[in-house]
Amino acid sequence: MDKIKTTEESVEIDEQKWVNDSSVDHKGRVPLRGSTGVWKASLFIIVIEFSERLSYFGLATSLIIYLTKVIHQDLKTAAKSVNYWSGVTTLMPLLGGFLADAFLGRFSTVLVSSIVYLLGLLLLTMSRVVPSLKPCDTDLCHEPRKVHEEIFFLAIYLISIGTGGHKPSLESFGADQFDDDHPEERKKKMSFFNWWNFGLCCGLLLGVTLIVYVQDRVSWAMADLILTLVMASSIVIFVAGRPFYRYRKATGSPLTPMLQVFVAAIRKRNLLFPANPSHLYEIPKSETTQRRLLCHTDKLKFLDKAAILDNTQDSEVQQQNPWELATVTKVEELKLVINMIPIWLTTIPFGICVAQAATFFIKQGVTLDRKIVHNFEIPPASIFALAAIGMVVSVSVYDKILMPILRRATGNERGISILQRIGIGMIFSVSTMIVAALVERKRLNLVHKNPLEGSSSMSVFWLAPQFLIIGIGDGFTLVGLQEYFYDQVPDSMRSLGIAFYLSVIGAANFVSSLLITIVDHITKNSSGKSWFGKDLNSSRLDYFYWLLVIITAVNLCVYVIVAMNYSYKNVHGKATVSVADCNDADDRNAMA
């Protein structure tokens, strides 16, 4: 007995000293827990995220203003251009995440994509500094040079490509610094996504205040130069943290095993299910160190046929051919991805509401009184800072006040489940569009009463409630989506998991553009006047906002039904467990 006890203590001490989650240090060795990972590594990672968000929001929030004032696009075209760019920027991570997980690894993907991002910023700076590439030779530009438009769009889409590799890889790389099997590190990881977004919001705040102020009061070129220098500095800092990181090796295409499960299930469609799920094929836990094993679930039972051993064939031959026999874990990983599709679809309307903040909300700010004190006038894009403030407050209060209280009340490590957190944020999105519709109606009433003065007598801070509410909603839904997609995807797809979260916003931007086109066509044909005129004063954005209220409210009801029927990932513990243990784990994961 003493010998067994001594052995167990030795194993526990070994687990405290070394990280045994298949990660390696910068020299390819098993990482030391005390000198790698956790916050000491995450801080380097959060710095480059701060820099990227500073650049992104410094550009994105003022993009519609640049397109209408310098490129001279009309309101509808400019809104579509912003939505297309935002859509591409947030869908590109699907490619970047795939390359990171399958071939390049997360660290290499972040480094390469950050350099591409830097090249985009350099090209953008050149388009505003080099005389032959500038919009025109005078300060007031009535028709920009064609070459400037081409270089400008090339630069911002280079930034999109850079973001495509940067965003999914960096966030998943940051989360990789925490060991899921270590209780203390697992709790810190739950806070990581909250503080990741705190750093993100700090970059956002400076981007929509300092950078936008420089764009408005100094020059676009000076703002681009600042962003370029900050990005270059953050790349150096990121590389300096290399000895402290924990790395995950690329494991090949995560899509191939899923295709193998489909093929195996179709081939065995005529086989009968075994009486006991424990008879389905799975490799012994003692034979795998590279991946966690998943427990069997009863949903999508057809796919379970891929894990049935065919008694008419040699078992060893079957085990050597993944196109004929799949493990329970591979089957469950495919189920996880399929089960995510309804969640992904029902969060798109929330993304449509977020898309309005970077387009129509900011354009509304241009028409309002932006003076604060002593004739100091804030740039219209700076009002977006209120959304960041709302998100910072939301994340901070949730992490430091609500989560500890909810942990004690529910016994759940997270406080509330991930999908509950997402749903709370979606309620805020409905409220945002209600407030936005009422404020826009008030603005239009002023325009109709005094067409000459318009809404210039109305303070820009009338927009504050809608920005604050959407920011608070972001603190619940966006952070929840990050955690959900990272946590619930197969372990080999975690960069793609973050890309799935970003693709919600990307798809929402495209859907928003499509919705604008459809509404524009229908209203123009039915009443002779579109809801989207050449400018805000000839538009009826309040009607469009009420339409979004209806869409998001109906979608919220659908989301609740989908969330109530969702089954969370069910992972085996470190020791070999029985089916009964899996059932116990399922009860615990139901709270996730």
Side-chain angles (χ1 to χ4, degrees), residues 23-28 31-32 34-60 93 96-97 100 104-125 158-159 161-178 185 188-189 191-211 214 222-248 388 392 395 482 494-495 498:
S23 61
V24 296
D25 65 11
H26 70 293
K27 293 184 177 179
L32 268 170
S35 58
T36 62
V38 250
W39 295 115
K40 70 177 71 65
S42 299
L43 291 176
F44 288 97
I45 295 168
I46 289 174
V47 165
I48 195 169
E49 171 64 8
F50 165 84
S51 170
E52 192 276 333
R53 292 292 86 181
L54 176 76
S55 300
Y56 177 81
F57 282 103
L59 297 172
L104 301 177
R106 286 157 198 164
F107 176 83
S108 299
T109 305
V110 171
L111 187 58
V112 171
S113 58
S114 296
I115 292 170
V116 173
Y117 201 116
L118 181 61
L119 290 174
L121 289 172
L122 282 168
L123 193 59
L124 194 62
T125 305
L158 261 180
I159 290 170
I161 294 170
T163 304
H166 187 282
K167 281 298 289 178
S169 308
L170 187 65
E171 189 167 353
S172 55
F173 186 57
D176 286 346
Q177 306 309 309
F178 302 84
E185 290 195 16
K188 289 176 181 177
K189 186 176 184 175
S191 290
F192 166 75
F193 288 102
N194 291 328
W195 292 106
W196 167 273
N197 282 280
F198 182 85
L200 179 155
C201 286
C202 289
L204 190 161
L205 273 170
L206 283 178
V208 300
T209 53
L210 176 64
I211 299 302
V214 173
M222 179 58 70
D224 293 339
L225 183 60
I226 292 171
L227 295 178
T228 303
L229 293 174
V230 171
M231 177 57 76
S233 302
S234 68
I235 293 174
V236 173
I237 293 171
F238 176 69
V239 173
R242 191 167 175 265
F244 303 101
Y245 300 143
R246 297 173 186 171
Y247 304 83
R248 303 265 182 170
V392 168
V395 167
Q482 290 168 21
R494 284 185 157 169
S495 293
I498 298 299

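- In this structure the side chain of Phe244 never reaches within 4.5 angstrom of the side chain of Thr36, judged on heavy atoms.
- The two residues Leu204 and Ala388 have their closest heavy-atom pair at CD2-CB, 3.1 Å.
- For the pair Ile211/Leu206, no side-chain contact is recorded, criterion being any heavy-atom separation below 4.5 Å from C-beta on.
- Side-chain contact between Ile48 and Leu170 is present, with heavy atoms from C-beta onward closer than 4.5 Å.
- For the pair Leu59/Leu227, a side-chain contact is recorded, criterion being any heavy-atom separation below 4.5 Å from C-beta on.
- Distance alone, capped at 3.5 Å, places no donor-acceptor pair between the Gln177 side chain and the Trp39 backbone.
- In this pair, Tyr245 and Phe107 present their aromatic rings tilted. The plane angle is within the 30 to 60° band.
- Cys201 approaches Val392 most closely through the heavy-atom pair CB-CG2, 3.2 Å.
- Formation of a donor-acceptor pair under 3.5 Å by the Ser55 side chain with backbone atoms of Ser51 is found in this model.
- Taking both residues in full, the closest heavy atoms of His166 and Ser114 are given as CD2-OG, 3.1 Å, listed atom of the first, atom of the second, then distance.
- Looking at residues two or more places apart in sequence or on another chain, you find a side chain to side chain donor-acceptor pair (under 3.5 Å) between Ser172 and Ser495.
- Side-chain contact between Ile45 and Phe238 is present, with heavy atoms from C-beta onward closer than 4.5 Å.
- When all heavy atoms of Thr228 and Thr125 are compared, the closest pair comes out as OG1-OG1, 3.3 Å.
- Side chains of Glu185 and Val38 form a contact here, defined as non-hydrogen atoms less than 4.5 Å apart.
- Looking at heavy atoms from C-beta onward, Arg248 lies in side-chain contact with Arg106 at the 4.5 angstrom threshold.
- Between Met231 and Ser234 the shortest side-chain heavy-atom distance falls below 4.5 Å.
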